[in-house]
Amino acid sequence: MDFTLFMPTKVIFGKQCIFENGHLFKEFGKKALIITGKSSGKKSGALDDVIALLKKEEISYCVFDHVMNNPPLENISEGVLFAKKEKADFIIGIGGGSPIDAAKAIAALYTNELQPMDLFSHSLKNASLPIIAIPTTAGTGSEVTPYSVLSVRELKTKKSFSSPYSFPKIAFIDSTYTRSLPDEVTIDTAFDAFSHCMESYLSLKSNHQSELFALEGINAFSKCISAIKNRDFTDDIRDYLMYSSYMGGLAITMTGTNVIHAMGYSMTYFKNISHGHANTLFVGAFLRYNQSTVPEKTEKMLAILGFKDIMQFERFLLSNIKNEVTLSEEEIREYAQLACTQKNINNSPKKVDQSIIENMYSEVVKGV
Ligand code: NAP
Ligand code: ZN
């Protein structure tokens, strides 16, 4: 056995959990900068809850609610300017992966004299502003990862940076904040969480500990399959989805993601397809490609999920997302080339190269 686990985030999981822990906010200073999307903070109820709590604890605050989905670097610069003007002591990121990832980038650039693009090539000298993360989707697990995924126009793709300083100090994980999600987003994000667990479980970098997280997440996801089919998201199901997302976050913190994420980025960047939806398209192709290399793991996973084979599982996934995207030969070539610039392709159990990735795209989204 051989692994290293560094996960310094304090995790508080449960309904209404911020209210029982309001005193913890005070540890980080007198002024909070709340970073959220234009609607997620409000619709989820988390923004109102946090503001009520900050008032009770006599902590002043300001709100940056302009985070875009799949935030581009320009959006991050806007947030940094705002943060510097407001001089906050700590950041509260509320939302899906986009606002929480933006919070990590803004927190890093607040204390380090770097341009946003430098985040991908420089390690952080100074600790980021402390971050408290409150997820309102059950998908990315960003509340417990060191990753921040940003859209980079110059490179025509998404790129992630990570730093030990980017782990949130506290994650308040309350699945009731996902009640307001449209079903489509609940499902896309649930599939993203599953994909993190699956990509990590099969990863070349997987280890005894990461497999425990990944299988726990897959097991939680398996309890939600009929709810997904029936669009019947009870509070218990939302708890399982949130738990699966959290487990996926822990798993990819140890192993990173895999080929599926590398392939999904272009679908989001060029075709505006949501992150979870983009990944889901390639789950079947990835599993088929790797089946002969990791047969026991594939079988064990399918058994937990309750599907007889990859095809049946893929049908379940694809029938629950809008699968209407097509790509031209030229697009497939370009996207495969871009996927090959992502280092997570090296985590595939069976080695991939550009032509294999082109085939995987073709299997799923080739046009006439
Ligand atoms: P998202 O982009 O954060 O949000 C998707 C949509 O859902 C947005 O329109 C958002 O509204 C809305 N929304 C969020 N919570 C809501 C709620 N409770 N009620 C109603 N609407 C709500 O989606 P995401 O899938 O969670 O995050 C995707 C991003 O995370 C991608 O950039 C992806 O690459 C990244 N990611 C990061 C990690 C990591 O470890 N850091 C891992 C995987 C993926 P607003 O526009 O108002 O926010
Ligand atoms: Zn993801």
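The basis for the numbers below is simple: all heavy atoms, side chains too, and nothing from hydrogens, waters or symmetry mates. Numbering of ligands and ligand atoms starts at 1, following listing order.
- Close contacts of ligand 1 with Thr137, meaning ligand atoms under 4.0 Å from a residue heavy atom, involve 14 (C), 15 (N), 26 (O).
- The N/O atoms of Lys158, backbone and side chain alike, include one that comes under 3.5 Å of an N/O atom in ligand 1.
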*His66 vs Phe64, ring pair (Phe, Tyr, Trp, His ring centres under 6.0 Å): CA-CA, chis, key distance, verdict*: CA-CA 6 Å; His66 301 296; Phe64 180 77; 5.3 Å; yes
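- Under the 6.0 Å cut-off for aromatic ring centres, Tyr240 and Phe221 do not qualify, their centroids lying 6.0 Å or more apart.
- When only non-hydrogen protein atoms are considered, atom 27 (O) of ligand 1 lies nearest to Gly97 N, 3.1 Å.
- A cation-pi geometry, defined here as NZ or CZ lying under 6.0 Å from the six-membered ring centre and within 45° of its normal, does not hold between Lys31 and Tyr61.
- Scanning the protein for heavy atoms near atom 35 (C) of ligand 1, the closest one is Asp101 OD2, 3.5 Å.
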Would you mind writing out the side-chain donor-acceptor pairs for residues 1-8 within the sub-3.5 Å range, not counting sequence neighbours?
none

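- Under the 4.5 Å side-chain contact rule for hydrophobic residues, Leu318 and Met198 share a cluster.
- Residue Lys38 places at least one N or O, backbone or side chain, under 3.5 Å from an N or O of ligand 1.
- In terms of protein heavy-atom proximity, atom 44 (C) of ligand 1 is closest to His275 NE2, 3.2 Å.
- Annotation: protein N, O or S atoms under 2.8 Å of the Zn ion (ligand 2) (waters excluded) comprise Asp192 OD1, His196 NE2, His261 NE2, His275 NE2.
- Residue Thr145 has at least one N or O atom closer than 3.5 Å to an N or O atom of ligand 1.
- Taking atom 20 (C) of ligand 1 as the reference point, the nearest protein heavy-atom neighbour is Ser180 O, 3.5 Å.
- In summary, Arg288 and Glu314 engage in a salt bridge, as defined by a charged side-chain N under 4.0 Å from a carboxylate O.
- Between the choices Thr140, Val185, Thr136, the shortest heavy-atom distance to atom 15 (N) of ligand 1 belongs to Thr136.
- Proximity of Pro349 to Phe286: side-chain heavy atoms (C-beta onward) are separated by under 4.5 Å at one or more points.
- Using a 4.0 Å cut-off between a side-chain N of Lys or Arg and a carboxylate O of Asp or Glu, Lys15 and Asp239 qualify as a salt bridge.
- Under the 30°/60° scheme for interplanar angles, the aromatic rings of Phe313 and Phe307 are found to be tilted.
- At least one heavy atom of Pro99 sits under 4.0 Å from some atom of ligand 1.
- Looking only at protein heavy atoms, the nearest one to atom 25 (O) of ligand 1 is Thr189 CG2, 3.4 Å.
- Of all protein heavy atoms, the one lying nearest to atom 12 (C) of ligand 1 is Ser40 CB, 4.5 Å.
- Of all protein heavy atoms, the one closest to atom 16 (C) of ligand 1 is Leu181 CD2, 3.3 Å.
- For ligand 1, the polar-atom distance check finds no N/O of Asp192 at less than 3.5 Å from any of the ligand's N/O atoms.
- Ligand 1 lies less than 4.0 angstrom from a heavy atom belonging to His196.
- Ionic pairing of Lys297 and Glu211 is present here: one or more N-O contacts between side-chain nitrogen and carboxylate oxygen are shorter than 4.0 angstrom.
- Contact check for Ser195 versus Val283: side-chain heavy atoms found under the 4.5 Å cut-off.
- Scanning the protein heavy atoms around atom 46 (O) of ligand 1, the nearest turns out to be Asn69 OD1, 3.2 Å.
- A 6.0 Å sphere centred on CD of Glu57 holds more than 12 heavy atoms belonging to other residues, nucleotides or ligands.
- We find that Arg153 and Glu74 are joined by a salt bridge, their nearest charged nitrogen and carboxylate oxygen being less than 4.0 Å apart.
- When the shell of 6.0 Å around CD of Gln115 is examined, it contains 12 or fewer heavy atoms from other residues, nucleotides or ligands.
- Contacts between Asn70 and ligand 1, counted as non-hydrogen atom pairs separated by less than 4.0 Å, involve both the backbone and the side chain.
- With respect to the salt-bridge test (charged N to carboxylate O, under 4.0 angstrom), the residues Lys156 and Glu334 qualify.
- Of the candidates Pro71, Ser98, Ser39, the one placing a heavy atom closest to atom 3 (O) of ligand 1 is Ser98.
- Here atom 18 (N) of ligand 1 lies nearest to Tyr177 when heavy atoms of Tyr147, Phe191, Tyr265, Tyr177 are compared.
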